[in-house]
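Side-chain atoms are counted along with the backbone in the values below, which use heavy atoms only and exclude waters and symmetry mates.
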Amino acid sequence: MSEDKLLTVYRDVCPGVERIYVIPDIQKFSRHNSYLALLYKDFLENRFPQIKLESFSFFSPKIAFKKLRGEKSVLHHHWFEFSSLKTFLNVLWKIFWIAIYKLAGGKIVWTIHNLQPHQRRFRRVNQFLRRIWVKIPHRYHVHCEMAIEQVSSTLNLNPEKFVPNTLYLLSPL
């Protein structure tokens, strides 16, 4: 997705957006996978100086409190799944605080990278938590136009809330 288009998505869900929160931490994640660095390249290079970008792997409650004080922000979450007790507790923590953030008026975008968790561990619990999670975001971001129909029908979501990613069309392989 071109960053300008991504910015359009953020401005669509939150007119006047001033801050973007990204989960997971872009710098740490990009050591193993360049996707996030490419997706947020223009933000990281400060092409949009009026918008601050913060990324982290563990959700901080301060984000919900900032929203309660009126901050114009969007939370963009990637990869919702767990594969161990530690990551399960992290998912529960995130669901709780992201729900508070939403109740405070926060807007959420979720990039759906896969229909099922990569690791097949705890499949039923992952599916149960995902059924709760899918009700929280305001927009769903997928890797291509073709994924919208399959993902929306599998997760029982409105296809009009989906935004396809064009990053792969813009970046050389």
### Task
Keeping the roles fixed (side chain from Thr154, backbone from Val151), state whether a donor-acceptor pair exists under 3.5 Å.
no
request  = May I ask you to say whether Lys52 pairs ionically with Glu18, meaning some side-chain N is under 4.0 Å from a carboxylate O?
outcome  = no
Decide yes or no on ring-ring contact (aromatic ring centres under 6.0 Å, His included) for Trp110 and His78, but give the supporting numbers first.
CA-CA 6 Å; Trp110 175 34; His78 297 261; over 10 Å; no
Heavy-atom check, side chain of Val163 versus side chain of Tyr140, under 4.5 Å = no
Taken to the nearest 0.5 Å, the spacing of Ser152 OG from Glu160 CD works out to 10.5 Å
So CD of Glu71 and SG of Cys14: to nearest 0.5 Å the spacing works out to 9.0 Å
Closest non-hydrogen atoms of Leu68 and Ala104, given as atom of the first, atom of the second and distance, are CD2-CB, 3.5 Å
Residues Lys72 and Gly16: closest non-hydrogen pair is CD-O, 3.3 Å
Trace of the side-chain contact (heavy atoms from CB on, under 4.5 Å) decision for Glu54 with Val22:
CA-CA 6 Å; Glu54 288 184 44; Val22 178; over 6 Å; no
What class does the angle between the rings of Trp93 and Phe58 fall in, given that below 30° is parallel, 30 to 60° is tilted and above 60° is perpendicular?
parallel
Residue set satisfying ring-ring contact (aromatic ring centres under 6.0 Å, His included) with Phe65, at least two apart, ordered chain then number -> Trp97
message = Students often mix this up, so state it plainly: with edges at 30° and 60°, are the rings of His141 and His143 parallel, tilted or perpendicular?
response = tilted
Closest non-hydrogen contact found for Val109 with Val9 is CG2-CG1, 4.3 Å
Closest heavy-atom pair, Asn126 versus Glu81, reported as atoms and distance to 0.1 Å, is OD1-CA, 3.5 Å
For this session: Determine yes or no for a side-chain-to-main-chain donor-acceptor pair under 3.5 angstrom, with His138 supplying the side chain and Ile108 the backbone.
Result: yes
Looking at side-chain heavy atoms only, is the closest gap between Lys41 and Arg47 below 4.5 Å?
no
Could you check if a side-chain atom of Ser73 sits within less than 4.5 angstrom of a side-chain atom of Ile20, using non-hydrogen atoms only?
no
Heavy atoms from other residues, nucleotides or ligands near CG of Asn156 exceed 12 (cutoff 6.0 Å) | no
**Prompt:** Can you list the steps and then say if Arg11 with Leu7 is a side-chain contact (heavy atoms from CB on, under 4.5 Å)?
**Reply:** CA-CA 6 Å; Arg11 287 182 172 156; Leu7 180 57; 3.6 Å; yes
Smallest heavy-atom separation, Pro164 atom then Cys144 atom, equals CB-C, 3.9 Å
Taken to the nearest 0.5 Å, the spacing of Ile132 CD1 from Gln127 CD works out to 12.5 Å
* To do: Apply side-chain hydrogen bond (donor to acceptor under 3.5 Å, both in side chains) to Tyr40 and Glu45, showing your working.
  => CA-CA 9 Å; Tyr40 296 101; Glu45 293 176 354; over 6 Å; no
Exercise. Hey, does the side chain of Lys102 reach the backbone of Gly106 with a donor-acceptor pair shorter than 3.5 angstrom?
Worked result: no
### pair Trp133-Lys94: side-chain heavy atoms closer than 4.5 Å
no
Taken in chain and number order and not counting sequence neighbours, the residues that satisfy ring-ring contact (aromatic ring centres under 6.0 Å, His included) with Tyr101 are none
Point to revise | Criterion side-chain contact (heavy atoms from CB on, under 4.5 Å) on Phe80 and Ile95, from CA distance to verdict | key: CA-CA 10 Å; Phe80 182 85; Ile95 288 175; 3.7 Å; yes
Subject >> Heavy-atom side-chain contact between Arg139 and Asp12 under 4.5 Å >> reply: yes
Looking only at atom types and distance, does a side-chain atom of Ser60 sit under 3.5 Å from a main-chain N or O of Ile63, one as donor and one as acceptor?
no
Kindly indicate whether the side chain of Leu129, heavy atoms from C-beta on, has any atom under 4.5 Å from the side chain of Val125.
yes
Test ring-ring contact (aromatic ring centres under 6.0 Å, His included) on Tyr10 and His76; report intermediate values, then the result.
CA-CA 9 Å; Tyr10 296 148; His76 192 152; 5.8 Å; yes
Value for CG (Leu6) from CG (Leu39), rounded to nearest 0.5 Å, stands at 5.0 Å
The reported gap from CG in Leu36 to CD in Gln27 (rounded to nearest 0.5 angstrom) is 12.0 Å
Does the side chain of Arg130 reach to within under 4.5 Å of the side chain of Leu155, using non-hydrogen atoms? yes
Query raised in the report: Does the side chain of Phe162 come within less than 4.5 Å of Ile112's, by heavy atoms?
Result: yes
Item to complete: Check step by step if side-chain contact (heavy atoms from CB on, under 4.5 Å) holds for Tyr21 and Val74.
Response: CA-CA 6 Å; Tyr21 296 110; Val74 173; over 6 Å; no
State plainly whether one hydrophobic cluster holds both Phe56 and Leu92, where clusters connect Ile, Leu, Val, Met, Phe, Trp and Tyr through side-chain heavy atoms under 4.5 angstrom apart. yes
Classify the ring geometry between Phe82 and Phe122 as parallel (under 30°), tilted (30 to 60°) or perpendicular (over 60°). parallel
Distance col, row Lys67:NZ vs Ile100:CD1, nearest 0.5 angstrom, shows 14.5 Å
Looking only at heavy atoms, the pair that brings Pro24 and Ser55 closest together is O-CB, 3.8 Å
